[in-house]
Amino acid sequence: MTLAAHRPASAMHPHPHAPDDPQVIHIDRAAGVNRRQVLAAMAASAALANTACSPPPRLQAHPYVDLPEAGGGNLPLYYASAFVRDGFAHGVLVGTQEGRPVKIEGNPSHPSSLGATDVYAQASVLQLWDPDRSTVVRQRLERGGDTRPGQTHAPAAIASSSWSAFEAAWRERAGALSDPHGGATLRVLTGPMTSPTERALLAALLARGPRTRWHVHAPLKDVAADDGSWMAFGRVVSQVRHVDRARCVLALAADPFSDGPGAVRHAMDWSNARTALREGDAGARAPALFAAEATPGLFGARADHRVALSPARIEGLLWRVAAHWMPEITPADVGLADPAVAAFEQRLVAALRAAGPDALVIGGAGLSAEAHALVLALNQRLGAIGRTVTLIEPPDAAPGAGTLADLVDALNAGAVDTLLVLGANPAYDAPSAFDMPRALRRAKLLVHAGLHVDETALLAHWHLPLSHAYEQWGDARAHDGSATLLQPAISPLYDTRSTAELLALLAGDPLRDGHALVQRQWRAGRSGDFDAFWRASLRAGTVADSASPPLEVHAARLPPRLALQADPATTMLTALFVPDPAAHDGSFANNGWLQELPRPFTKLTWDNAALLSPATARRLGVATGDVVRLQVDTRSLEAPAWVLAQQADDVVTLPLGCGRRHAGRVGNGVGFDAGALRAGTALSASASLQKTGRHHAFAVTEHDIGQHGRELLRTVAAGGRLPPEKPRDALYPPFASPEHAWAMVIDLDACIGCNACTIACQAENNIPVVGKSQVALGRAMHWIRVDRHDLEDDGASGFQPVPCMHCEQAPCELVCPVGATVHDSEGLNVQVYNRCVGTRFCSNNCPYKVRRFNFLQYSDETTETLKAQRNPEVTVRQRGVMEKCSYCVQRVARARQHAQRTGEPLVDGDVVTACQSACPTRAIRFGDLGDAGSDVVNARASARHYAMLAELGTRPRTTYLARIRPADPA
Amino acid sequence: MADVPVSRETGVLRAGWGYASVTDKIAGLVLTRPVRWPWLAAFAATFAGTLVYLGAMTYLFIKGVGLWGIRIPVAWGYAIADFVWWIGIGHAGTFISAILLLLRQRWRTSINRFAEAMTLFAAGMAGLFPILHLGRPWFAYWLAPYPDRMNLWPQWRSPLVWDVFAISTYLIVSALFWYQGLLPDLATLRDRATGRGKRIAYGLLALGWRGEARHWARHETAYLLLAGLATPLVVSVHSVVAMDFAIGNTPGYHSTIFPPYFVAGALFSGFAMVLTLAIPLRKAFQLEDFITELHLDHAAKVLLATGWLVAYGYLVENFMAFFSGDRYEIAMTVDRWTGFYAPVTWGLMLCNVALPQVLWWRAARRSPWLLFALSIVVNVGMWMERFLIVVQSTSHDFMPSAWGRFVPTRWDWIFLFGSISMFAWLFLLFIRLLPAISISEMRELVKEESE
Amino acid sequence: MSDPRWALMAEYETAEALVAAAQAAHDAGFRAIEAYAPYHVEGLAEAVGFGRSRLPAVVLAGGFVGGLGGYFLQWYAAVRSYPIEVGARPLHSWPMFVPVTFEMTVLFAAFAAFFGALVANGLPSLAHPIFDAPDFDLATRNRFFLCLRTDDPRFDEARAGAVLDSTRPLRRAEVAR
Amino acid sequence: MSAVFSRRAVLVVRLAVLALLGLCVATVLLAVWRARAYEQLGEPITQPIPFSHKHHVGDDGIDCRYCHTTVETAAHAGLPSTAVCLGCHSQLFRDQPLLALLHRSQASGQPIAWQRVHVLPEFVYFNHGVHVAKGVACVECHGRVDQMPLAWRARPLQMQWCLDCHRDPAAHLRPTSQEFSMDAPLPPPDQAGLLARAAHLESRRRMTDCSTCHR
């Protein structure tokens, strides 16, 4: 099939949120952009990059040999696909330029995305181009190797091999497997797996022999939650939450806005549910958020009412609250009241009662199985199940699959001949108690498949490079079970296989091609026009109404009440193991964008830290930066401490995913590996802590959290109105904007501080990564930073994205001696890199300090793959020039040029900035002030509208909508 | 018929000096005086320093200004502080040779020449820094207007462009003024020199000056006119430098008092530097008869007066911060006295306001070594003032979320001391190659003091 | 004229003597008089008949050229050549043009003063007959010289000699051409 | 003591000074000349295959868009893929040694490395599509390609040159029917006005904004 056949079709279903004139198309393998051409194009662009003010040397241009279906133009093409994290699909549109994936947008028609993305989806494109990705099959030459614990094998012992070599070796093994009398055993270890195709192929593989077994390992999985649902319903269920339907949401030690595959959807639903309220209707029905959290999360920061409690006290609270709906809970179970939270509790019970079936209770990691069971029961009693929360069969359910612990036992018992580790890295992220490296060496044949040559790969006899999600055909399920199709936006950069293709090889399947495998999976048992179905599903990026059906459950059994209040005399701390906001479980450790992304609360980069509350820190005599020794029974770990006001007393939060030893050039040795303290899969433990007397230097982007009485982040009562700006008339008449007048409005009531805008901007605008030392020197380059402020009124945290304000009377412009920053006729404060000489006066004179300077040569001009990721529509900045937010001038230009070429006028929504399109809560709006009906014009008319530091008379084009204070302040 | 005049004992010149003796004494310093080890040692040391400085510049051009401690928000650091400091030092020379000339101050005669040299070298050092501090110094010429194929011009509203014009004008005019005054002395050297090489060198430089009556007349007019031009110029230069900050909106920069306050500070530090140079010079070259206690006394008085002007500047700056009621100004000022950079604030108060008060005592004003020490103190103090204005203001401006501290790296120090070495090196060259005191004006002085 | 001599010269020890001598020569009707002194002697120029210098006028002109040129340059660049909006300031924001205008005024005036004086003095002139005169190297030290040039239409050997003798110089000499 | 400088010495000095001045002037001229040389105006550029626009455009009269396919829609006009060349040359002159490279490229899949003729710095974002849509004919910037045996650069492509047109575009427009013709004359001034109005040109200020070409 040719592109021509599909262009009109795609035009019929345009993606409203994709940047202007999207061509969301799908392609056959044949049409995949040829890698050689991509590299050639890169060579050409690389050559071009050196021509600044020098005579044109003999530059070369490389045309295509065969013009791809996608066409030779330089307009971006968007491929509906999915980014898979922890087995779950997050629908995305992969934006490609000249055949290279350069930018990820959310997929509006995908249930987990609705057009938005989180930081991981945005950073995934860098993962694709990661220069440290595994490129070839590797075989370890010496067998067995020594088994001294902690001894990792030097890469020298590893030699490049080939797929054919592996296939030969495997065939020989596979024979032994199928022999019913032979003793050959096979174990397969994977991460959570939702892909129908992969599961079918895996089943086929396991069916090859009698002594085969599947194990699933998810380092961050909250096992207690599953046990809880066993207790309650006798089966494992997965909860799909509908925050938009709720009137009262209670999160217990949970952060529904950042944890789990549904996080983006939760935030979006919550934000949409507040629309009426934001438009000034004080009585509007919006979900009231209650958070009882042990460690600060985005949900808690945005909650109307929040308390910080240790998990034990949170459970106490839960039981007391539940008792109101469950007469069978005895006072003994309820235990003592917690005076510290009495007010919160009162208000909470009232709110839940008022909400009734529209209430939603969410339990999070760190709670006991009993607590999780109680949460389910409470939801049921409230009548919430079926309304605000739907129970479904977990998309990643692995019936019959063993756990990691089982596998370790089997390994140590020497009962495993062959172990296949697919896309998992247990050697790093398994609890240290399992002494995984040692166990793994007991396998007679260890085969590892992954994106990187990681800790596990170095132990394996064979390492097989996997394709990135954007290089492969595949499928996966979303948080609500909806099936999502993956299509390649580029053919594999290296000689890699997708997991499905690899499984087909292992299972000895006749089909080997990913496209064929996925099609076979979906063709099976499907009647009617498959091509039509296939095309539609690819274009939408998801299979129509494939969401899992709701489960029918009996009345939940009440769990037994375990330990009452934790003994207050104890000096032990509760250690919470949480995913690092950047490195996640460690799989993103080698991603520079994420490592340099300021963590939402600490604004810490290139590090993780043991979080302590001020009171606890005082008790232990610890201050931020002190290196402390943590002890969990026999295991101990040294980590730098960070004192955080929002942290619960007697709780130490230990982010997982750092301290990698073989992540790559970026991730090696960043932070500490909290996994070293884990006894098992539990996400909390009881720990003791002492000072070591040593100190650790952090690289932080925001040192002062307070506002010092300056109304930068303003709040307003529901339905309230900010005092009107007194008009400042300028000394000089303003310049006219003959065509457009661009402006941005950021709704601080919607912002949850998730950082998606920051990293989307970094991807779109070729913003370099500068490294820890430079960040520590105050030279981070982010064009849009997210400031955190402690709000005076309720101690909650407010987040405020700060891009360039594009002041109409810009102080920066006045002082530039060469006119490198000036105004254009559409009101953009443009930075002309090629004119900039780098006096830096503009930055000194910028009240908002949004300008970023290339103090050294920051952008990598040598690593080919990193150059390939760059957006060709944005100049790569040289050392010594100033840069800053440009309102995505390249996107404005693209829209304008399209309008100029076609004669169609620009309409509101034609220009969507990178930050705007990524935002999960739609907090950012961008448009034309000249267009009376445009979104920004309406927003600027809002009662909550204000300009930051307006008294300086800079007349910013970027303005804000004040955050709405909770109905009755805590 | 009067006989050959010989000076009588007066404050500005000791007794017993005639045309011939002053001429031979000063010319001798250049022509006949043997090179002694103290000069050699100093020369070697400063020359080494200069080489380090040049090396550091090269490295800076290769790596970029990231070598320094500058950051966002403190995008300007030592480079700009040094620049303002040096340009300020330059001002005293012009003040002495131009303003005191117009005021007909006889005591300027024996100090104006090397003061002008100081001006020239200091302004040269200052002129380097704005170029060094650029992110892309190889494009520095873009600040100059010239017809280019991009059809672009400097942005005339930027004080940095004013700087370019002010500093280059200042350098050129000072050089012309200096050379104008040098002409007759170069002729003297030409006629006194014995070696052929020296005669040719000085001969070329002297342009064939022969001291004809009409030459002298025009020379005098031109010299007076240049003085008249240099006077408003010297005021304008530091005012423009002050506007680099005053035009900015940053609290601590945005202040109307800056121009006069900077000019006062300039004279203050400039006279300090004059003393720093004059006292060793008169000692090393036995010039006590020409540079007398009276000279030191006068210079000290100027130091005291300008010191008080500066103190007044501090007073008004702080008063206005609170009087304005501007929350940002107030916060910045409080931070100055109590924050991270408070030690600098208190230090400069000690150096620039407290210690100079010893100059109320005549004995102090006439004790060379005490003056020398004090002059060093004042130079340090004034540098700290520049540093405070440049760095502390930006470190604590409007957005608390963006506040950050500048901490100097070793490169910041290398560039500060490198420029000082180069300055000293040039000065050492000067005193061996050119008359450090204006000979012709000394003859005139002899005449005047003999009557 | 083909007089092999350039001038008759007399040498003195004091400025007063020189001035007096010059005055006498001038009274005697000589016009091509040159007087050399080691420093600027008040009244000497008048004595040899030197009127007012036109230098100030030249400097004034230089200042005007610089000032007007400077302002025009800015206006042309900012308003005519490539008008660009900067900080919402008007293209012709004259107050911001003052500093550069001022500096250019001073610069050109200074050039006028310096080079004006040089040109008027006929410098540089490295070679001159007087340099070969005996003792003349003292003219930049402590001696004063008076020359009566032979190209003076009123020059007359005898009278010139007489006038110079009457001023009782240290010595008399002839300066070759 | 005798004079320092004899008459002859003075002459030497004068000559030396003159020589110095001459040197300065020479340096300036050299700089200017080099700057001009960068533009490579009218220098034919040798190509791996000596492709003659004169033959293909002038003699055969092939339309520009036949090879430069995306000139109306995209920023880059686009170089013809090997396949396009072979569209004809799989029959015509297929055994010409000159075309061997073409067939090799087809076989190996290696693109042909053409030498670039028109190069803009990487910070300049030129869009063919818009210029064509507004009526800027090929010949306006690329000159009489139909007379170039080997392509060369016909215009300096300096910012100043771009601005000349952006400040007064009307004088450089042609009716869309003639955009791809090589010899169509510029229309008379009265028509130029009409064309400008028809093209809905942006304001002069917009057209000379930095952000129009730089990002």
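Keep in mind it's a predicted model, so treat the numbers as computed, not measured. Quick note on labels: first sequence line is chain A, next is B, and so on, each numbered from 1.
With contacts defined as side-chain heavy-atom distances shorter than 4.5 Å, the pair B:Q155/A:V818 does not qualify. Residues B:P400 and A:H789 form no side-chain contact, since every pair of their non-hydrogen atoms from C-beta on lies 4.5 Å or further apart. Taking the side chain as every heavy atom from C-beta outward, A:R710 and B:Y328 approach each other to under 4.5 Å. Between A:N844 and B:Y253 there is a side-chain heavy-atom pair separated by less than 4.5 Å. Inter-residue side-chain proximity for A:F855 and B:I72 is flagged as met; some heavy-atom pair is nearer than 4.5 Å. No side-chain heavy atom of A:P847 sits less than 4.5 Å from a side-chain heavy atom of B:D397. Residues A:D704 and B:M399 are not in side-chain contact: their nearest non-hydrogen atoms beyond the backbone lie 4.5 Å or more apart. Counting heavy atoms from C-beta on, the side chains of A:N845 and B:T250 come closer than 4.5 Å.
Contacts of A:L814 with chain B are made by both backbone and side-chain atoms, with heavy-atom separations under 4.5 Å. Neither the backbone nor the side chain of A:I705 comes within less than 4.5 Å of any heavy atom in chain B. Heavy-atom distances place the backbone of A:R851, and not its side chain, under 4.5 Å from chain B. Heavy atoms of A:S843 lying under 4.5 Å from chain B belong exclusively to its side chain. With a threshold of 4.5 angstrom between heavy atoms, A:E951 approaches chain B through side-chain atoms but not through N, CA, C or O. Of the atoms belonging to A:T954, not a single heavy atom falls under 4.5 Å from chain B. When heavy atoms are compared at a cutoff of 4.5 Å, B:W162 does not approach chain A at all. Contact annotation for B:I131: neither backbone nor side-chain heavy atoms come within less than 4.5 Å of a heavy atom of chain A. Using a 4.5 Å cut-off between heavy atoms, B:I80 does not touch chain A at all. If you measure heavy-atom distances from B:P159 to chain A, the contacts under 4.5 Å come from the side chain alone. Of the two parts of A:R779, only the side chain, counted from C-beta on, holds a non-hydrogen atom closer than 4.5 Å to a non-hydrogen atom of chain B.
Other residues, nucleotides and ligands contribute more than 12 heavy atoms inside 6.0 Å of the CH2 atom of B:W337.
A distance of 8.5 Å separates CE of B:M150 from CG of A:N834, quoted to the nearest 0.5 Å. Atom CD of A:Q800 is separated from atom OG of B:S401 by 7.5 Å, given to the nearest 0.5 angstrom.
Listed options A:K603, A:R785, A:R788 were ranked by heavy-atom pairs under 4.5 angstrom with chain B; first place goes to A:R785. Note: B:L134 leads B:L67, B:L134, B:V164 in heavy-atom pairs under 4.5 Å with chain A. Most heavy-atom pairs under 4.5 Å with chain B: of the set A:V881, A:V822, A:T839, this distinction falls to A:T839. Listed options B:P73, B:G404, B:G135 were ranked by heavy-atom pairs under 4.5 angstrom with chain A; first place goes to B:G135. Considering only heavy-atom pairs separated by less than 4.5 Å from chain B, the leading option among A:P811, A:C816, A:C846 is A:C816. In terms of heavy-atom pairs under 4.5 angstrom with chain A, the leader among B:F406, B:W156, B:F61 is B:F61. For the options B:V65, B:T394, B:N249, B:V407, heavy-atom pairs under 4.5 Å to chain A are most numerous at B:N249. Each of A:V837, A:V850, A:V815 has some count of heavy-atom pairs under 4.5 Å with chain B, and the biggest count is that of A:V837. For the options B:I70, B:L143, B:V161, B:I247, heavy-atom pairs under 4.5 Å to chain A are most numerous at B:I70.
Classified by interplanar angle (parallel below 30°, tilted 30° to 60°, perpendicular above 60°), the ring pair B:W76/A:F841 is tilted.
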(Q) For B:R405 and A:H703: C-alpha separation, side-chain torsions, deciding distance, then whether side chain to side chain donor-acceptor pair (under 3.5 Å) applies. (A) CA-CA 10 Å; B:R405 290 166 180 172; A:H703 297 274; over 6 Å; no
